[in-house]
Amino acid sequence: MSTATQTTLHTAREGYDRDLRVAVLGVGMMGQDHARRLAQLTKGARLVAVSDVDGARTDAVAAEFGVRALHDPVAAVEDPEVDAVVIATPGFTHEGLVLKALEAGKPTLCEKPLTTSPETSRAIVEAERALGRQLVQVGFMRRFDAEYERLRAVVASQELGRPLFLHCVHRNATTPPNFSSEMLVLDSVVHEVDAARFLLGEEITAITVLRPGRTSNAPEGLQDPQFVLMETESGALVDVEIFVNTTTGYVVRTELVAERGTAQIGLGVGLVQQSRAGWGGGIPADFKERFGAAYDVEFQRWVDAVRSGAGVDGPGVWDGYAAAAVCAAGVESLRTGRRVEVDLGARV
Ligand code: ISE
């Protein structure tokens, strides 16, 4: 590449021929994981700053990676030495930060949820549309998992015929403090919503959330497990067992039932060991372990897309909006016990 070309490739629209300078906003558990990924693994990217409402945590993580500590996340978005941002702050802060990033023309990888309501997510869809180019990718990492990609290819090839059911299992060992019954839908089932849309290539039109008997392992007042039934445009049904205090480990499994066969992912049959103690394998402790490789691929493809000027390579703001709309309907169903229809309105 000539020197003249090199000096022109330095904006989000044109792309970058040098390492992308990335700031991570929010360095709790997930943000720290992403900061490490950017600092140590992702090619073509350089972690340059971190920011968190917790000043001491910002300073500690910044020192660990030898990068700048920026205590104001908005200043981090606007910083001229930051090319792109990863948003891993709590969901309620996403709307303001994503809008700022759009205003500043900064490519953004925003952890799910895009925002906490369909209305605010829709406003972001419209703001990006007004800008005339894609700048925001949403962190639905399962789309980068090899098993999900294979299952999607099976559906797309139509070799098993029309999809009739997706049976999904989503189990966590425990929940963090203050995890509410609504969060089973907003924080956990949201992944199944996006995965179903990704696998089937269609929108969800209605959702019903049922309250089965509670496990005694769940904290007082938490409706755990829940059973979710979603309907799609083509008439396929997606059911989800969401159970987040199993005490055992992290299990995410999906079975497609189609006209001429079935296909399953997430069986977790990695290493099977035999010894005097018996035979068997391990269960991942959490999503960082189960989807670690998917996060790595997600970040690499995002950085490559931003450097090439494409902006995103994966789920965009429409996907974030659709998931927010289905989950809001799910929360309504959880509260009322009724089936709730989802109307996304016209695609913009
Ligand atoms: C968590 O926030 C995640 O995003 C995980 O992928 C999900 O499995 C878990 O249930 C959520 O709490």
Side-chain angles (χ1 to χ4, degrees), residues 24-34 37 86-94 109-116 121 137-148 166-199 209 215 217-219 222-228 230 238-254 265-268 283-299 314-315 319-320 322-324 326-328 330-331 334:
V24 174
L25 315 183
V27 281
M29 188 239 299
M30 208 63 242
Q32 283 185 39
D33 204 47
H34 292 331
R37 187 165 278 114
V86 170
I87 299 178
T89 51
F92 70 88
T93 65
H94 289 187
L109 176 53
C110 179
E111 264 301 341
K112 56 85 199 105
L114 175 58
T115 71
T116 50
S121 285
Q137 183 162 326
V138 182
F140 288 123
M141 77 298 188
R142 290 189 189 181
R143 293 186 181 219
F144 302 90
D145 175 76
E147 292 189 30
Y148 276 86
L166 278 183
H167 301 302
C168 309
V169 166
H170 186 153
R171 299 184 189 134
N172 295 186
T174 55
T175 43
N178 305 322
F179 205 81
S180 67
S181 300
E182 286 77 16
M183 283 171 79
L184 270 79
V185 176
L186 297 168
D187 210 52
S188 304
V189 174
V190 65
H191 285 291
E192 307 300 334
V193 172
D194 186 66
R197 296 179 62 254
F198 173 68
L199 293 170
V209 180
T215 168
N217 294 318
L222 187 70
Q223 177 56 54
D224 181 25
Q226 297 175 18
F227 189 80
V228 180
M230 295 185 270
V238 180
D239 61 79
V240 183
E241 172 212 306
I242 178 72
F243 182 10
V244 292
N245 284 279
T246 62
T247 71
T248 51
Y250 190 76
V251 176
V252 166
R253 209 156 54 214
T254 302
I265 59 171
L267 295 177
I283 307 175
D286 60 17
F287 50 91
K288 283 194 300 176
E289 186 180 340
R290 164 65 181 87
F291 289 110
Y295 284 118
D296 295 345
V297 175
E298 175 188 40
F299 269 63
D319 301 298
V326 175
C327 287
V331 167
L334 176 72

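Starting from 1, each residue takes its place in the sequence as its number. Numbering of ligands and ligand atoms starts at 1, following listing order.
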Taking R142 first and then E192, would you say they form a salt bridge - that is, a charged N and a carboxylate O separated by under 4.0 Å?
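Answer for the salt bridge query: yes.
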
What residues, two or more places apart in sequence or in another chain, satisfy salt bridge (charged side-chain N to carboxylate O under 4.0 Å, His left out) together with D194?
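R143, R197.
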
Taking the side chain from T174 and the backbone from N245, do they hold a donor-acceptor pair closer than 3.5 Å?
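Between the backbone of N245 and the side chain of T174 there is no qualifying donor-acceptor contact (under 3.5 Å).
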
Can you sort out the partners of Y148 under ring pair (Phe, Tyr, Trp, His ring centres under 6.0 Å), two or more places apart, ordered by chain and number?
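Result, ring pair (Phe, Tyr, Trp, His ring centres under 6.0 Å) vs Y148: none returned.
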
Under the ring pair (Phe, Tyr, Trp, His ring centres under 6.0 Å) rule, collect the residues that match up with H94, sequence neighbours excluded.
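With sequence neighbours excluded, H94 shows a ring pair (Phe, Tyr, Trp, His ring centres under 6.0 Å) to no residue whatsoever.
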
For ligand 1, give me the residues whose heavy-atom distance to it is below 4.0 Å, by chain and number please.
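Under the 4.0 Å cut-off, ligand 1 touches K112, M141, H170, N172, F179, D187, S188, H191, Y250, F287.
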
Which class fits the ring pair F291 and Y250: parallel under 30°, tilted 30 to 60°, perpendicular over 60°?
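Rings of F291 and Y250: perpendicular, as their planes differ by over 60°.
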
